[in-house]
Structures are given as structure tokens and as C-alpha cells.
Visitor: 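Sharing a structure below in C-alpha cells format, with a few things to ask.
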Amino acid sequence: MSETETRDFIRQIIHDDLESGKHDSIVTRFPPEPNGYLHIGHVMSICLNFGVAAETGGKTYLRFDDTNPGREKSEYVDAIERDVRWLGFDWDERLTHASDYFERLYEAAVRLVEMGVAYVDSLSADEIREYRGTLTETGKNSPYRDRSVAENIDLLGRMRAGEFADGEHLLRAKIDMSSPNMNLRDPALYRIRHITHQHAGDAWCIYPMYDFAHTMSDAFEAITHSLCTLEFEDHRPLYNWFLDQLQPEHRPRQIEFSRLNLAYAITSKRKLNALVEEQIVSGWDDPRMPTIAGMRRRGYPAAALRQFVKLGGVTKKDKLIEMGVLENCVREVYGETAERRMAVLKPLKIVLSNYPEGQVEMMEAMNHPGNPDMGTREMPFSRELWIEQDDFMEEAPRKFFRLKPGGEVRLRFGYIIRCDEVIKNDAGDVVELRCSYDADTRSGTGSSDRKVKGTIHWVSCEHAVQTDVRLYDRLFTEANPNSAEDFHAVLNPGSLETVSAQLEPALDDLEPGVAVQFERLGYFCRDSVDGQAINRIVTLRDSWAKLEKQAMQQQN
RNA sequence: UGGGGCGUAGCCAAGUGGUAAGGCAUCGGGUUUUGAUCCCGUGUACCGCAGGUUCGAAUCCUGCCGCCCCAGCCA
């Protein structure tokens, strides 16, 4: 961290703890439940937990919080490891599972029972809910609350031994049924689940609850700072209760921060899963998904994601960050690193009537205008070319400086051309343009410095490579689909458009996952899953589109 | 109506008693064979509101308002 940067409140606490000697080194953990793919919200937690440790020479565990086998899968475990690694973080040998601690956790539970602060309840789930009370009414004690220690030990042992059916008994902490904090109204510690665990197999039929397992796992791993999101703030008294009761050797401190919400995106694993299950998207890695896998496939670089969460900061204020911020981070990375190419997304044919038939010239094109070291390539130029439909307007407004009837435009790295004739089909659509080129304006020669207002991109018809290009837009029409009654109602029907594009020859062997800029259009990369189609990662900033939009609004 | 948090410009966010950083967006302008990049410039933020303390408050006190979270044998 540079001297001018200020520390967020968590880094400040950690800095103070190091300075005061409370801790010699920092240990954090990123504890995902393997019940879905990681998304942009997790990116923040990952960067914070791994970042804060790395900055201070500390360590970070990647710990799977796998205490609910009913909805966890090893597919998710694999995806999570892949995603964290791709983001640029390394846990070395510190890959753990809460389930690795099931035996120790059970021992701790037995101790709570022996201490008289945990008991086996035999109420039904419905009864427990009734006994719990509500936000404004206190709960009441379970009739089983005062079972003897001996009886509790016996029952707990038999729960573990598999003598009871799911839901028959429940181990609970004995705290305070009248607490205004619902988490303290005798929270569940262990429930019976006769189900195979994706990591522990069939070793157990009772599984610990989050609060208990998470707190003690933190203690077992000597985590110094247990960083989590705001919704766990009122779990902290319970977290501390476990530590007070069990007095583990290491006492971690839980600190909460606000989660990062991305505008026009959903960050709820349940809803993300619904998008996948209902086949609204092609999978967790659909390029429109705000998952790490989706963004990676889309072509977002890890560095952009890291930069994005860094810009967001760490606070306790609810945040809904604009999509543009993320997109800018992507543009920033690729603006410098991506080679430039030309491709026509929505082709319109032009014929240069005064250009010799059969002639082909090789035009030299820079791979990066700001960095000559990135070299050049050659683009074949011929009589028939594709240009972008949007680059021609029959009745052009004043500020439109692309091609129009009788108007001139430069073909980038090529010649200046003039539009002489517009050819339409029976329906009145423009299907072809007859143009003439100024032979004295070849890029880099003669009077090539003659100025025309506009420059457009092009591809030689004869040499073009036709490929499907997928144009992505936001998945939702509402800035905060998280709070929509039903997210189906705010889905963007135009979130994916596939076009048949014409690419310059040099793009034929574009490797999957390698980002290039299609000049004047945006950043693109070949899809790494199907290896064929090309994904639009993000458009370039487009001030013409902005002008057009403003004009439209003024008309309406 | 119980408890826990949060409220600084459109979106993030510094600032922790001395008179409101920065980024993104916006809006101007310059350069440009990408209307991109780059470079300049651009914002009266009644610091949620109302009182109070103080020579002085976004920062301290009191009251109020708004938003978020909690009643899973989910995490």
C-alpha cells in the first residue's frame, strides 16, 4: 500500500493488531459453501481475505464450509478451486473443509453438553418454530430443555450412532429463549441427516450447523480475523458465545463488511441456480452470468476483477455498483494489452467501381496504435469489401461523419472512398453501395494525409472469414434485480444476440480466450468452451451512440 | 411495535473538532487514419433531518426520519 492510500476499516484494525503486538501475523480464511459457483460478490471477499493476509505476510485458508450435505456437490468444490486460482490467489497447503473437523466439532459439542449449556431437544421442527417466538414476542423454553447431562450425552451418542430418524432430535445450545437476538434463542448445533456427504462420505449422520462449525473451524485454524458480510453481524454474539464457552487456544475475531452488489446483476446463489436450472442461461459459466466462471468465459481478465473490487472499497454501507465501473476496468486492461483487428459485425457490401477487378493489395495495419512494438499485420484489400451497416446512412444527420451518399470516408489503413450509388432491394433496404476510391490516398503514401472526417473499418469480401459472434448485454432490465418480486419479470430478452460476422483473415486462427480489440467495436475473444464462436467481452466507449441516444430523447 | 447495522454529489469513497480528497458517470474543449485511447476543464454535496455543546461540528450530545438484516433442523 502506498503512503497516499488510506486504509479501509478492516485493514486499519489489522494494522493496529499487528502494531500493538496482539498478533504477530495474520491468518484469514475464505469459506465458501460448495453449493454453487462463485460470483462477483465472492470476488470481493476473496480479494479482501487473501489480499489482507498477503499484504502483511500472513496466510489464508481456502476452507469449504461443507456442513449441509443435502445441497453440496464436488462439482462446486472443483469450480471454486479453479476460480480462486484463476483470480490469482494461492492457498498453498491450506485447503481445508469444515468436514475435516467433524470429529473435533463433535467433541466440542459433547463438552458443551457436559458443561450443561447444550441439550438434545425432541420437539418437531414446527414446534421449535412456535416455541421460538417472533421478533417482538419472546420465545419459551422447550420441555426438553432441562434434561440431565447424562441423558443428553446418551441421546447425542445415539444420534451419532444413527439410532434416530431425521428430525427426531436436535442438539441445541442452551442460551436464552427471551433474547431479542433470535440467534441466541437456543440455536441448533447438530441435526440428523441420513445422507452421504460429498467429502466425508457416510461417516456421519449428524451434521453441525453453520454458526457452531464456522466459529470452531476458525478457532482450529487459528484464524485471527474472520471477515464476513453484514448479514452475520447479529451472529457475532453467538460466535463469541462459543468461544467464551469452549475457550479454544486461539480466539478469532469476526468483523463484518457490506457485500458488493453489481447493478443489473443477481448475486444470490439460489437465483443464479434457478437461471441455470430453468435454462434461461446455458450454465453457471454462461458469459452473461456474474459468476467468476461466466466472466472468465466472457473474457474478463482477472486483473480487471481485482481492480474493480479495489475501487469499490471495504465499508459497511450497502452498495450497488454501476456496471460501467466493471466494464471500465476491463477496457483499461485490454486497452493496453489487446491487439487490434478488424471485423464487420453487420455486413454491408460495397463495390469500388474504379478498382481493378481481381487486384489485391496487402495493406499494413498496426496491431496497436499506441505501441509499435506490438508489430503489424497485412490485410488484403480488394474491389469488394464489407463495411458495417451502421457506418452508412442514406439520410445522415449533420454530425454523422461516416459514409453517406456523395460523401467521403477513409477506410482504415486503406484508401479514401466516396459513395456514388445506393442499391436497394425490392423491399427498399440498402443492400449494396457503389463507391469509388481515390488511388492517391493509400494509407502511408502520396496524399494519404488528406483529411476526411471519418474513418471506418472494413474487410475484403473475398478474404473474409465468416464466424458467429455473440453480442451480450445485461441480463436484467432493472438496476437491482435482487430486490425484484420475481426476477423473471425483469429479464432482458435481448441479453444475447448472435450475428454472422465477417472477420479479417488474421482472425482465423484466433486462440480461444485471447482478447483482441475489433477496432471501433469492442473487445472480443473466441469462446473457450465451444472453441468456435466469438464472444463480445465489452464494447468500446461510444460517444456517437450517446449523441444518437440524446437525439432520440429530444425527439420523443 | 424487539434486536443489529447503515445514511458524505447519479454510483463508489476519503475525512474521526478547524472550515468537504479522489475515482467512475455527466457536461464542455484539445489531439487522433479506432466518434477508442490520451490530455485539459467541468459539480454550491443545506455531509439524512432538527435541535444542542463549542470561538469553530460531516466529525461530540439529544431527538427524529429513511434504508438494509434477523423469526432455516440454510450458509
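Every chain is numbered from 1, with letters handed out A, B, ... down the list of sequences. What's counted below: heavy atoms across the whole structure, side chains too, no hydrogens, waters or symmetry copies. Computed from a predicted structure; not experimentally measured.
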Visitor: Given rU26(B), rA13(B), rG35(B), identify the nucleotide with an atom nearest to the side chain of Lys319(A).
Guide: rA13(B)
Visitor: I'd like the C1' distance from rG30(B) over to rU42(B), given in whole Å.
Guide: 15 Å
Visitor: Does a side-chain N-to-carboxylate-O contact under 4.0 Å join Arg450(A) and Glu408(A)?
Guide: yes
Visitor: Taking the P atom in each of rC27(B) and rG63(B), what is the distance between them to the nearest angstrom?
Guide: 45 Å
Visitor: Between the side chains of Arg29(A) and Ser226(A), is a donor N or O closer than 3.5 angstrom to an acceptor N or O?
Guide: yes
Visitor: Sticking with atom P, work out how far rU53(B) lies from rC69(B), rounded to a whole angstrom.
Guide: 38 Å
Visitor: Based on the glycosidic angle (syn within 90° of 0, else anti), state the conformation of rG72(B).
Guide: syn
Visitor: Kindly say whether, by distance alone, the side chain of Ser443(A) makes a donor-acceptor pair under 3.5 Å with the base of rU33(B)?
Guide: yes
Visitor: At under 4.0 Å, does any side-chain N or O of Thr315(A) touch on OP1 or OP2 of rA13(B)?
Guide: yes
Visitor: Which part of the nucleic acid does Lys453(A) contact within heavy-atom distance under 4.0 Å: base, sugar-phosphate only, or nothing?
Guide: nothing
Visitor: Nearest-Å distance, CD (Gln307(A)) to C1' (rC24(B))?
Guide: 11 Å
Visitor: Provide the distance between the two C1' atoms, one in rC70(B) and one in rU1(B), to the nearest whole Å.
Guide: 16 Å
Visitor: When you check the side-chain N and O atoms of Gln517(A) and Tyr523(A), is any donor under 3.5 Å from an acceptor?
Guide: yes
Visitor: Taking only the C1' atom of each, what is the distance from rA45(B) to rC39(B) in whole angstrom?
Guide: 27 Å
Visitor: Choosing from rG23(B), rU34(B), rG35(B), which nucleotide comes nearest the side chain of Leu311(A)?
Guide: rG23(B)
Visitor: What's the CG-P distance between Leu238(A) and rG4(B), to the nearest Å?
Guide: 16 Å
Visitor: Which atom pairs link the protein and nucleotides 6-10 of chain B when you take only N or O atoms and keep those under 3.5 Å?
Guide:
unit_1  : atom_1 : unit_2    : atom_2 : d
rU8(B)  : OP2    : Lys317(A) : NZ     : 2.6
rG10(B) : N2     : Glu322(A) : OE1    : 3.2

Visitor: Would you measure the distance from the C1' atom in rA9(B) across to the matching atom in rG23(B) and give it in whole Å?
Guide: 13 Å
Visitor: If I pick the P atom on rG7(B) and the same atom on rC49(B), what distance separates them, to the nearest angstrom?
Guide: 13 Å
Visitor: Examine Trp458(A) together with Phe413(A) and report whether their ring centres are nearer than 6.0 Å.
Guide: no
Visitor: Take Leu171(A) and Arg191(A) through the test side-chain contact (heavy atoms from CB on, under 4.5 Å) and record every step on the way to the result.
Guide: CA-CA 7 Å; Leu171(A) 184 71; Arg191(A) 73 288 217 192; over 6 Å; no
Visitor: Asn480(A) has an atom CG; how far is it from atom C1' of rC68(B), in whole Å?
Guide: 11 Å
Visitor: Return yes if the base of rU34(B) and the side-chain atoms of Arg520(A) contain a donor-acceptor N/O pair under 3.5 Å, otherwise no.
Guide: no
Visitor: Checking side chain to side chain donor-acceptor pair (under 3.5 Å) against Arg377(A), which of Glu504(A), Glu364(A), Glu339(A) comes through?
Guide: Glu504(A)
Visitor: According to the ring pair (Phe, Tyr, Trp, His ring centres under 6.0 Å) rule, which pairs have a member within residues 158-182 of chain A, sequence neighbours left out?
Guide: Phe164(A)-His169(A)
Visitor: For RNA chain B, produce a single dot-bracket line, 5' to 3'. Pairs: Watson-Crick or G-U wobble, both distances under 3.5 Å. Symbols: ( ) within strand, [ ] crossing, | other strand, . unpaired.
Guide: .(((((((.[[[..)..(...]]]..((((.......))))......[[[[[..)....]]]]])))))).....
Visitor: Closest heavy-atom contact between Phe102(A) and Asp66(A)?
Guide: CZ-O, 3.8 Å
Visitor: Report the distance from atom CZ of Phe413(A) to atom P of rU32(B), rounded to the nearest whole Å.
Guide: 16 Å
Visitor: Base, sugar-phosphate, or nothing for Phe400(A), non-hydrogen atoms under 4.0 angstrom?
Guide: base
Visitor: How does protein reach along nucleotides 70-75 of chain B, written 5' to 3' as B (base within reach of a heavy atom under 4.0 Å), S (only sugar-phosphate), or - (no contact)?
Guide: BBSBBB
Visitor: Are Tyr300(A) and Val333(A) packed together at the side-chain level, in the sense that at least one heavy-atom pair is separated by less than 4.5 angstrom?
Guide: no
Visitor: What is the distance from NZ of Lys546(A) to C1' of rA36(B), rounded to the nearest Å?
Guide: 12 Å
Visitor: Within the 4.0 Å heavy-atom criterion, would you say Arg402(A) contacts the bases, only the backbone, or no part of the nucleic acid?
Guide: base
Visitor: Rounded to the nearest angstrom, tell me the gap between atom CG in Leu403(A) and atom P in rU33(B).
Guide: 19 Å
Visitor: Partners of Glu327(A) by salt bridge (charged side-chain N to carboxylate O under 4.0 Å, His left out), sequence neighbours excluded?
Guide: Arg331(A)
Visitor: When we call it a touch if two heavy atoms are under 4.0 Å apart, what does Phe518(A) touch: a base, just sugar-phosphate, or nothing?
Guide: nothing
Visitor: With a cut-off of less than 4.0 Å, is there a side-chain N or O of Lys451(A) near OP1 or OP2 of rU33(B)?
Guide: yes
Visitor: Applying side chain to side chain donor-acceptor pair (under 3.5 Å), name anything that partners Asp100(A), two or more places apart in sequence or on another chain.
Guide: His97(A), His199(A)
Visitor: rG35(B) C1' sits how many Å from Arg412(A) CZ, rounded?
Guide: 12 Å
Visitor: For the residue pair Tyr37(A) and Tyr76(A), does the interplanar ring angle fall in the parallel (under 30°), tilted (30 to 60°) or perpendicular (over 60°) class?
Guide: perpendicular
Visitor: Say we look at rG3(B) and rC73(B): how far apart would their C1' atoms be, to the nearest angstrom?
Guide: 23 Å
Visitor: Please tell me whether Phe212(A) and Phe242(A) form a close aromatic pair, meaning their ring centres lie under 6.0 Å apart.
Guide: yes
Visitor: With a 4.0 Å limit, can you tell me whether Ser543(A) has a side-chain N or O closer than that to the phosphate oxygens OP1/OP2 of rA36(B)?
Guide: yes
Visitor: Whether the side chain of Arg259(A) engages the backbone of His42(A) through a donor-acceptor N/O pair (distance < 3.5 Å, no angle test) should be reported.
Guide: no
Visitor: If you look at every strand shown and take non-hydrogen atoms under 4.0 Å, does Glu336(A) touch a base, only sugar-phosphate, or nothing?
Guide: nothing
Visitor: Please state how far atom CD in Glu256(A) lies from atom C1' in rC68(B), giving the value in whole angstrom units.
Guide: 14 Å
